[in-house]
A.B. asks: 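Here's a structure for you.
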Amino acid sequence: MSFSITLPDGSKKDFTDAVSISDLAHGIGTSLGKAALGAKVNGQIVALDYKLSKNAEVAIITDRDEEGLAILRDTVAFVLEAVAKKVYPEIHFGEHGTDDEGFYVDTDKENQIKINELPDLEKAVKKVIKAGEKIASCMMSKDELADIFNDDPYKSEMLKAEKGDQVQVYKLGDFIDFGFDALLPNTGKIKQFKLLSVAGAYWKGQSSNPMLQRISGTAFFKKADLDADIKRREEIKERDHRTIGRDLDLFFVDPKVGAGLPYWMPKGATIRRVVERYIIDKEVADGYQHVYTPVLMNVDAYKTSGHWAHYRDDMFPPMDMGDGEMLELRPMNCPSHIQIYKHHIRSYRELPIRIAELGMMHRYEKSGALSGLQRVREMTLNDGHTFVTLDQVQSEFSKILTLILDVYKDFDITDYYFRLSYRDPKNTKKYFANDEMWERSQSMLKKAMDDMGLDYVEAEGEAAFYGPKLDIQTKTALGADETMSTIQLDFMLPERFNLTYVGQDGEEHRPVMIHRGIVGTMERFIAYLIEIYKGAFPTWLAPVQVEVIPVNLDAHSDYAKKVRDELNKRGFRAEADLRNEKLGYKIRESQTQKVPYTLVLGDKELKDKGVNVRRYGTEEEVAKSFDEFISEIKQDVKSYSREE
RNA sequence: GCCACUUUAGCUCAGGAGGUAGAGCACCGCCGUGGUAAGGAGGAGGUCCUCAGUUCAAAUCUGGGAAGUGGCUCCA
């Protein structure tokens, strides 16, 4: 027997006998041998004791590789299981796994694990780590394992899902488990770990299944990395829009007056107003006609649209008006805009017709889903519907996408990706039944993206029930994926509402409807802006753009008021801090409130008719004439958030 | 909606072996008149989330409910 191993640098090593990953690594170099944690063999992750016996491409994994971290985290998860089994003999385990954040183990036992039991579990794991116990691996037959796990419903089910007849298992003392790619050979190799939380998670991720307890934690090779990660988690909290929203007095949600119903304080309202005016101007310039339509609508419209059948549980219950009329708080604006379209007979000459509105709508989101401004029960959507002929779909699509990307530049939004959201072919029940329509519209979307040369991911099961869509996905401070913008093709509603236009041939034709949102809902968008700017809004959006501070109240208040008034007269948002406090106190507050410009006015400025400017985030003081300052801030506002 | 945790002053939080509570910041007036991140001493402020139960007595113990947080599920 002879075979050769190809290493990442292209070099080859020949062997006549089977060789373990560990020996291979030692053979390459002593330090690599020590650092080796596992290997990738033809792309598959294996443990150190894996025996190579045929030609293969092998890359040794060390703590510098992402896969190394996954091996470490899997090992901690495994040791945690072994320890938990000792502490709670009746415990069962569900799924376990690792991700960017760390690792998790799903558990099930009579009495749920409480958060205050975590420190004891952590201590017990540390003890095992210190003892440096051996983690053994071997192959076992499914039958043998089925006997071992016969009283464990979760493991039995997972075992069935394993491929092949032989399953790789790991052992620590009496404890045995499977489903790991590779583990470290000894508990002593675990360096830094921390248990973070216990939370609920449905077995196999389905809400109809029992709920298990998920213990989450994280692990690193170096203490500095763990410390940095803990610090990162704290910083994320500081960037959370709810924290900043409170500190800067932007908005609040008071459960006593209504969960999920936000109140916009003057400063938050200012930001929102600037965004609303901006987006309306932008859309009007792009050919949209802005309208106002009522938040109440006869429930029949939602029965026609199909929303009632699909989403009734997430809608507010209809109001019975007593005379047979049932009014519904609208959960979306499409049927309203359809009414606008239907109000006249439409000619092909008019198309595309673009209707837009900042439409307020209500959705009865489940209480557990509500979160600050990110998930609410009343929201205002930057909504728009364009009605086009079949021939116009692609050009309209790219026109909308161009607008979106232009808007992103103005807000300096750079961290996003495109997702083509298709229906789930296995679950067609949820979707409008018309295979040909789905095939056609999905390929139209794909072609439009390809023609524009844009990268995207394709996701089945993410479509709207009436059609496929392009979603533009961003991330919140806490790392959750969320849809910022969307373009949706809809062949269904025009059918349901019998929308028509008169063509050149004098006959009636069916238009295609495109639903689109540029910045999504005001609530979610402003939550997003708070997080990307960390509360330090660029000047054009800042609720207070200029804070004017007199050095001495008696001597300089009049001048401060005059400067403030002059700024306000020119359309800037300026405030004068005339409270009876020390200068340092006011400067501090101006900084913690993240005001872009702080002007200090004293004897010098009064004499020169000038201002002393401190830009947020700097410690420089710059003396300027009033006119110089005006042209600086004017330029600043005009540039939006663009980095130029 | 499900699992865990939490809910005390406007905010952030202490405390409470059952006898109706405290700090810092914020707020109000007083003294201080200051040049770039907190001047000083004081005052006011509470349905201890809510509804029941146990008790002479409940903010504290028990149970139901609501909301918040972290997850899970969902998100037109």
Side-chain angles (χ1 to χ4, degrees), chain A residues 101 104 106-108 112-118 196-216 233 237 240 242-243 246-247 249 252-260 302 305-315 330-335 361 363-372 374-375 379 381 430-431 462-467 469 478 480 482-483 486 488 490 493 515 517 524 549-556 580-593 598-605 612-614 618-621:
Chain A
E101 295 286 307
Y104 65 86
D106 287 351
T107 68
D108 184 33
Q112 313 278 14
I113 293 175
K114 303 263 158 65
I115 185 112
N116 57 21
E117 296 172 50
L118 286 189
L196 294 168
S197 68
V198 26
Y202 294 105
W203 165 235
K204 292 170 88 182
Q206 281 175 24
S207 59
S208 51
N209 284 338
M211 177 151 286
L212 310 181
Q213 296 290 114
R214 172 167 294 179
I215 303 176
S216 306
R233 285 170 201 271
K237 252 181 237 160
D240 191 315
R242 290 166 297 190
T243 310
R246 187 186 59 234
D247 291 348
D249 202 21
F252 68 89
V253 183
D254 183 351
K256 288 189 204 77
V257 289
Y302 303 108
S305 70
H307 288 103
W308 178 257
H310 272 86
Y311 294 105
R312 151 181 212 175
D313 288 347
D314 295 322
M315 288 162 68
R330 72 173 171 204
M332 83 294 301
N333 308 309
C334 349
M361 46 197 219
R363 296 178 182 179
Y364 193 76
E365 302 288 357
K366 309 255 192 325
S367 66
L370 299 175
S371 177
Q374 256 149 15
R375 201 74 187 275
M379 68 217 85
L381 185 65
K430 195 179 148 191
Y431 306 97
E462 294 288 348
F465 74 84
Y466 47 72
K469 51 184 182 162
L478 295 171
E482 71 181 9
T483 301
T486 186
Q488 312 174 351
D490 183 359
L493 291 180
H515 308 240
R524 197 174 265 194
I549 303 177
V551 173
N552 179 295
L553 273 188
D554 290 336
H556 313 123
N580 187 11
E581 296 289 351
K582 289 190 64 164
L583 177 63
Y585 180 92
K586 295 179 184 178
I587 294 284
R588 177 175 192 272
E589 189 156 293
S590 180
Q591 294 298 308
T592 57
Q593 289 292 305
T598 303
L599 303 186
V600 173
L601 306 183
D603 287 338
K604 272 181 271 172
E605 290 72 24
N612 185 290
V613 185
R614 174 167 166 174
T618 74
E619 283 172 23
E620 280 173 294
E621 306 156 29

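This one's a predicted model, so the numbers in the text were calculated from it and none came from an experiment.
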A.B. asks: Please identify which of these residues, A:Arg214, A:Lys204, A:Gln213, meets the side-chain hydrogen bond (donor to acceptor under 3.5 Å, both in side chains) condition with A:Asp106.
C.D. replies: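 Considering A:Arg214, A:Lys204, A:Gln213, a side-chain hydrogen bond (donor to acceptor under 3.5 Å, both in side chains) with A:Asp106 is found only for A:Arg214.
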A.B. asks: In whole Å, what separates the C1' atom of B:rG18 from that of B:rG24?
C.D. replies: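 B:rG18 and B:rG24 have their C1' atoms separated by 29 Å.
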A.B. asks: Can you check the distance between B:rU8 and B:rA59, where both ends of the measurement are the P atom (answer in whole Å)?
C.D. replies: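 Those two atoms are separated by 15 Å.
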A.B. asks: For B:rA21 and B:rG39, measure between their P atoms and round to the nearest Å.
C.D. replies: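 Going atom to atom, P in each nucleotide, I get 33 Å.
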A.B. asks: Near A:Tyr364 OH, under 6.0 Å, is it more than 12 heavy atoms from other residues, nucleotides or ligands?
C.D. replies: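 It does not: A:Tyr364 OH has 12 such atoms or fewer within range.
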A.B. asks: Along nucleotides 29-44 of chain B, 5' to 3', which nucleotides get a B, which get an S, and which get a -, given that the test is a protein heavy-atom distance under 4.0 Å?
C.D. replies: ---BBBBBBBB-----
A.B. asks: Expressed as a whole number of Å, how far does the C1' atom of B:rG71 sit from that of B:rU12?
C.D. replies: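 Per the computed distance, 25 Å lies between those C1' atoms.
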A.B. asks: In whole angstrom, give me the gap between the P atoms of B:rA58 and B:rU20.
C.D. replies: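 It comes out at 11 Å once rounded to the nearest Å.
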A.B. asks: Please give the nucleotide sitting opposite B:rC2 as a Watson-Crick or G-U wobble pair, both distances under 3.5 Å, or none.
C.D. replies: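 Pairing partner: B:rG71.
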A.B. asks: Aromatic contact between A:Tyr302 and A:Tyr311, with the criterion being ring centroids under 6.0 Å apart: yes or no?
C.D. replies: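 That pair fails the under 6.0 Å test.
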A.B. asks: For B:rA21, which nucleotide is its Watson-Crick or G-U wobble mate, given both distances must be under 3.5 Å?
C.D. replies: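 Partner of B:rA21: none.
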A.B. asks: For B:rC48, which nucleotide in any strand shown is its Watson-Crick or wobble partner with both distances under 3.5 Å?
C.D. replies: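 When the pairing criteria are applied, nothing turns out to pair with B:rC48, so the answer is none.
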A.B. asks: Under 3.5 Å, is there a donor-acceptor pair between the A:Asp603 and A:His556 side chains?
C.D. replies: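 Side-chain D/A pair, A:Asp603 to A:His556: present.
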A.B. asks: Give A:His307 one of three labels, base, sugar-phosphate or nothing, depending on what nucleic acid heavy atoms sit under 4.0 Å from its own.
C.D. replies: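 Base contact.
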A.B. asks: Looking at side-chain heavy atoms only, is the closest gap between A:Leu601 and A:Ile549 below 4.5 Å?
C.D. replies: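 Heavy-atom side-chain distance check fails, nothing below 4.5 Å.
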A.B. asks: From CD of A:Gln213 over to P of B:rC2, roughly how many Å is that when rounded to an integer?
C.D. replies: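 After rounding, the gap between these two atoms is 15 Å.
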A.B. asks: Give a yes or no on whether the backbone of A:Ser590 and the side-chain of A:Gln593 come within a donor-acceptor separation of less than 3.5 Å.
C.D. replies: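 Pair absent, no side-chain N/O of A:Gln593 close to backbone of A:Ser590.
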A.B. asks: Return the nucleotide paired to B:rU7: Watson-Crick means purine N1 to pyrimidine N3 with N6-O4 or O6-N4, wobble means G-U with N1-O2 and O6-N3, both under 3.5 Å.
C.D. replies: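 By the stated definition (distances under 3.5 Å), B:rA66 pairs with B:rU7.
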A.B. asks: In whole angstrom, what separates A:Leu212's CG from B:rC3's C1'?
C.D. replies: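 Answer to the nearest Å: 10 Å.
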A.B. asks: How does protein reach along nucleotides 64-75 of chain B, written 5' to 3' as B (base within reach of a heavy atom under 4.0 Å), S (only sugar-phosphate), or - (no contact)?
C.D. replies: ---SSSBBBSBB
A.B. asks: Between B:rG22 and B:rU69, how far apart are the two P atoms, rounded to whole Å?
C.D. replies: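 It comes out at 31 Å once rounded to the nearest Å.
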A.B. asks: Rounding to the closest angstrom, what is the interatomic distance between B:rC25 and B:rG64 at atom P?
C.D. replies: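 The same atom, P, in both gives a distance of 41 Å.
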A.B. asks: Give the C-alpha distance, both sets of side-chain angles, the deciding distance and a yes or no for ring pair (Phe, Tyr, Trp, His ring centres under 6.0 Å) between A:Tyr466 and A:Tyr431.
C.D. replies: CA-CA 6 Å; A:Tyr466 47 72; A:Tyr431 306 97; over 10 Å; no
A.B. asks: Taking atom P of B:rA4 as reference, at what distance in whole Å does atom CG of A:Asp106 sit?
C.D. replies: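 A:Asp106 atom CG is separated from B:rA4 atom P by 15 Å.
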A.B. asks: Is any NZ, NE, NH1 or NH2 atom of the basic residue among A:Arg614 and A:Glu621 found under 4.0 Å from an Asp or Glu carboxylate oxygen of the other?
C.D. replies: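 Salt bridge absent between A:Arg614 and A:Glu621.
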A.B. asks: Donor-acceptor check, side chain of A:Arg363 to backbone of A:Pro331, threshold 3.5 angstrom: yes or no?
C.D. replies: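 Here the side-chain-to-backbone pair exists.
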A.B. asks: Is there a side-chain contact between A:Asn612 and A:Lys604, using heavy atoms and a 4.5 Å cut-off?
C.D. replies: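 In short, these two side chains do not touch, never coming nearer than 4.5 Å.
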A.B. asks: Rounding to the closest angstrom, what is the interatomic distance between B:rC27 and B:rA67 at atom P?
C.D. replies: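 Going atom to atom, P in each nucleotide, I get 33 Å.
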